[in-house]
Novice: 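Here it is: the structure, laid out below.
Numbers restart at 1 for each chain; the letters A, B, ... are given by sequence-line order, proteins then strands.
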Number of protein chains: 2
Amino acid sequence: MDLPGQVNCETCTIRSCAVEVLDQQELDILKTNCAGAVFDRNERIFQQGSLSSNIAYVKTGLVKIHKNGPSKDQILKLVKPPRFIGIPTVLGDKVNHYSATALMPTTVCFIVTSTFKTLIMRNGKFANEVINSICQDELTFYDRSINQMQKQIHGRLADALLFLADEIFFSDTFDLPLSHSDLGDYIHATRESVTRALSRFKADGLIQVKGHRISLIGKDMLLKISKLG
Amino acid sequence: MDLPGQVNCETCTIRSCAVEVLDQQELDILKTNCAGAVFDRNERIFQQGSLSSNIAYVKTGLVKIHKNGPSKDQILKLVKPPRFIGIPTVLGDKVNHYSATALMPTTVCFIVTSTFKTLIMRNGKFANEVINSICQDELTFYDRSINQMQKQIHGRLADALLFLADEIFFSDTFDLPLSHSDLGDYIHATRESVTRALSRFKADGLIQVKGHRISLIGKDMLLKISKLG
DNA sequence: AAAAAACTATGATCTATATCACATTTATAG
DNA sequence: CTATAAATGTGATATAGATCATAGTTTTTT
């Protein structure tokens, strides 16, 4: 983890909707209580169970949010920037209830929790934007949950591939940022099942695989598989 | 659905943490933009897909939050009062992304969305409490999701029974507020599997069943089953 | 460059739970 | 009070995907 440290929120080009509504004085408060950091692939941004006094703002890269379950670690969601993560730590116990790990080189700003809270208290528009953001996450997660529960593995894998192409990489060809094992934790399947399902997609001409590079060539079919579950 | 209509937030004894921090003027705003309603068992409080200009505050009773999935309706969570539901409709489209249905006689206050938003903008403490509440929901839902995914049916059923006893009814004996079919939608199982699992619990002396009345008599064992999945 | 570790591939088998089918009981409505 | 619908109980069967086993491949470390 590299620490460029000092950041300048006034000139930052990747500001969140929430920060966008802050006035000059509030930007100053933010700026002096905010530190930038860069994480490499597979570096932990914060760890479930550890105390935290920061909210993280993911500026670039890709992050997995994951949590220990009764039998194994599970990836709750992939977070694409720009996005706040770890807001629930503003709550009483200040303990991270889940972990966040970079899946590719990722830049993050850490905002002191008390500063974040101050901004919420001070600026209603800021609070409102934060609420919007959390609510959006909530709805997305509900959808994902239901899909995970009701679709079978091919549908879930198609969902994941389409998500990566359309929401993360904005291209039908991309380097898979997750190992099969991680992909399994994400779509709730075993490593073996992921491998088999990918092989199946490959055999059926829906995707092309060269090393980690994947191309969605039968996107219409993938969409159909995603729909039918 | 009965409509007592006019409510008095100042004298209300079941106020949320959020409303607790409002000043006199804000309470007046709230009071004049708030209507009470009573719902019977199985009455819909709001419907997925329909436009809404209200946030609902559940004062008493029990509510299921459910949503259509690719293959069937799924119960995302059971909400015990006091709790706001439907906050995500403050978002752009103002469409309910899920349904809410009363599982027993339930009293609800509807707050005009724009008023809710006004209060967020005006009073930082209010916004902060709202954020706390949403975040708490988020964490609870993460836990539930992971449990649903990783435990098998006996563990999931044990979870549900323990939740009803400990969090909803505060008693080890209670009337099951859900049909086996609903319980299936909640713990992600078929009606038949729920019946079988309940029979098993009964046969093993973990629960006692008389009509809809259920008694958890082997709670330590249920806890063990919940833990082991 | 060699050794170790992590990841991927694929077959054989097993199992939890869905699905289907039908009977019985309990609620609701006329 | 009877008819009709909804909910529950239980067996037989099917199956998606887990688990186990073993081998090959790629990546990382020394």
Novice: The criterion is side chain to side chain contact (heavy atoms under 4.5 Å, CB included); which residues satisfy it with D172(A), sequence neighbours excluded?
Specialist: A165(A), D166(A), L216(A), K219(A)

Novice: Tell me, please, which residues at least two apart from K77(B) pass salt bridge (Lys or Arg N to Asp or Glu O under 4.0 Å).
Specialist: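 Per chain and number, K77(B) pairs via salt bridge (Lys or Arg N to Asp or Glu O under 4.0 Å) with no residue.
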
Novice: Return the value, rounded to whole Å, for the distance between atom CZ of F201(B) and atom P of dT8(D).
Specialist: 17 Å

Novice: Report the residues that fulfil ring pair (Phe, Tyr, Trp, His ring centres under 6.0 Å) with F84(A), sequence neighbours left out, ordered by chain and then residue number.
Specialist: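 Ring pair (Phe, Tyr, Trp, His ring centres under 6.0 Å) check on F84(A) returns Y57(A), F116(A).
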
Novice: Tell me every residue that passes side chain to side chain donor-acceptor pair (under 3.5 Å) with K94(B), counting only those two or more places apart in sequence or in another chain.
Specialist: none

Novice: Taking five pairs at each end of the helix from dA1(C)-dT30(D) to dG30(C)-dC1(D), what angle separates the two helix axes (nearest 10°)?
Specialist: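 Taking five pairs per end, the axes differ by 60°.
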
Novice: Do any of residues 64-74 of chain A sit with a heavy atom less than 4.0 Å from DNA chain D, and if so which?
Specialist: none

Novice: Could you tell me from which nucleotide to which nucleotide of DNA chain C, 5' to 3', there is an atom under 4.0 Å from chain B heavy atoms?
Specialist: dA16(C) to dC20(C)

Novice: Rounded to whole Å, how long is the line connecting atom CZ of R200(B) with atom C1' of dT10(D)?
Specialist: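 After rounding, the gap between these two atoms is 15 Å.
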
Novice: Tell me every residue that passes salt bridge (Lys or Arg N to Asp or Glu O under 4.0 Å) with K72(B), counting only those two or more places apart in sequence or in another chain.
Specialist: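 In terms of salt bridge (Lys or Arg N to Asp or Glu O under 4.0 Å), with neighbours along the sequence ignored, K72(B) is linked to D185(B).
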
Novice: So which heavy atom on A102(B) is nearest to which on T106(B), and how close?
Specialist: CB-OG1, 3.7 Å

Novice: Only counting residues at least two apart or in another chain, list the ones meeting side chain to side chain donor-acceptor pair (under 3.5 Å) with R41(B).
Specialist: none

Novice: Is there a donor in the side chain of T113(B) and an acceptor in the side chain of S53(B), or the other way round, less than 3.5 Å apart?
Specialist: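 Side-chain D/A pair, T113(B) to S53(B): absent.
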
Novice: Under a 4.5 Å cut-off applied to non-hydrogen side-chain atoms, are I65(A) and V79(A) in contact?
Specialist: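 A side-chain contact under 4.5 Å exists here.
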
Novice: Applying ring pair (Phe, Tyr, Trp, His ring centres under 6.0 Å), name anything that partners F169(B), two or more places apart in sequence or on another chain.
Specialist: F174(B)

Novice: Could you tell me which residues satisfy side chain to side chain contact (heavy atoms under 4.5 Å, CB included) with D73(B), sequence neighbours excluded, listed by chain and number?
Specialist: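 Expected list: H66(B), N68(B).
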
Novice: Would you mind checking if K224(A) and D220(A) are paired as a salt bridge, meaning a charged N to carboxylate O distance below 4.0 Å?
Specialist: no

Novice: So Y186(B) and F163(B), would you call those rings parallel, tilted or perpendicular, with 30° and 60° as cut-offs?
Specialist: tilted

Novice: If the sugar-phosphate is the primed atoms plus P, OP1 and OP2 and the base is the rest, what is the B/S/- string for nucleotides 12-25 of chain D, using protein heavy atoms under 4.0 Å?
Specialist: B---SSSBB-----

